[in-house]
Amino acid sequence: MTASTILQRLAQTIEARKDADPAHSYVAKLLNSNKDKVLKKIAEEAAETIMACKDEDKEQIIYETADLWFHCLIMLARHDISPDDVLLELERREGVSGITEKQSRSQSPHAE
């Protein structure tokens, strides 16, 4: 099974939970909360991933990264963005120097 297949299955599950009862679904609870709740959860998971990396604990790095990715999928769902949209962007960048890619963003209308 490919990573993109797993991401798509998770995205479909998250999408299906949009209409679920928040009292019975963690995903529905996050999707129905204010946007800061999801963003805080991503920040928390990112911090836990960083700490696992600092501890050089491979099992914990994998576990925390899975949590981080999962919550990022929830964030994407809130914005009606598919994992495929992100994968296409990564594909577009493949083989492009990071320096060149960053320079192209500073010249685009979506620049930071």
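Note that the coordinates shown come from a computational prediction; the quantities given were computed from them, not determined experimentally. All values below were derived from every heavy atom in this structure, side-chain atoms included, with hydrogens, water molecules and symmetry-related copies excluded.
Counting non-hydrogen atoms of neighbouring residues, nucleotides and ligands closer than 6.0 angstrom, the OH atom of Y63 reaches no more than 12 such neighbours.
In this structure, CG on L39 lies 11.5 Å from NE2 on H71, to the nearest 0.5 angstrom. Annotation: the span from C72 atom SG to I81 atom CD1 amounts to 11.5 Å, rounded to 0.5 Å. Atom CZ of R9 and atom CG of L7 lie 10.5 Å apart (nearest 0.5 Å). Once rounded to the nearest 0.5 Å, the distance linking NZ of K29 with NZ of K37 reads 6.0 Å. How far CZ of R17 is from OG1 of T13: 6.0 Å, rounded to the nearest 0.5 Å. Atom CD1 in I42 sits 11.5 Å away from atom OG1 in T49 (nearest 0.5 Å).
Pairing each heavy atom of L68 with each of A46, the nearest pair is CD1-N, 3.8 Å. In terms of heavy atoms, A28 sits closest to A20 at CB-O, 3.5 Å.
One hydrophobic cluster holds both Y26 and I14 under the rule that ILVMFWY side chains link at heavy-atom gaps under 4.5 Å. Hydrophobic clustering (side-chain heavy atoms under 4.5 Å, transitive across Ile, Leu, Val, Met, Phe, Trp, Tyr) keeps I62 apart from M51.
In summary, R93 and E89 engage in a salt bridge, as defined by a charged side-chain N under 4.0 Å from a carboxylate O.
Judged by distance alone, the side chain of N34 and the main-chain N or O of D36 form a donor-acceptor pair under 3.5 Å.
By the 4.5 Å heavy-atom criterion applied to side chains, F70 and V27 are counted as neighbours.
Under 3.5 Å, the side chains of D84 and Q8 contain a donor-acceptor pair of N or O atoms.
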Scan the side chains in residues 73-80 for donor-acceptor partners under 3.5 Å anywhere in the protein, sequence neighbours excluded, and list what turns up.
from : atom 1 : to  : atom 2 : distance (Å)
R78  : NH1    : L30 : O      : 3.2
R78  : NH1    : L31 : O      : 3.4
R78  : NH1    : S33 : O      : 2.8
R78  : NH2    : S33 : O      : 3.3
D80  : OD1    : K18 : NZ     : 3.0

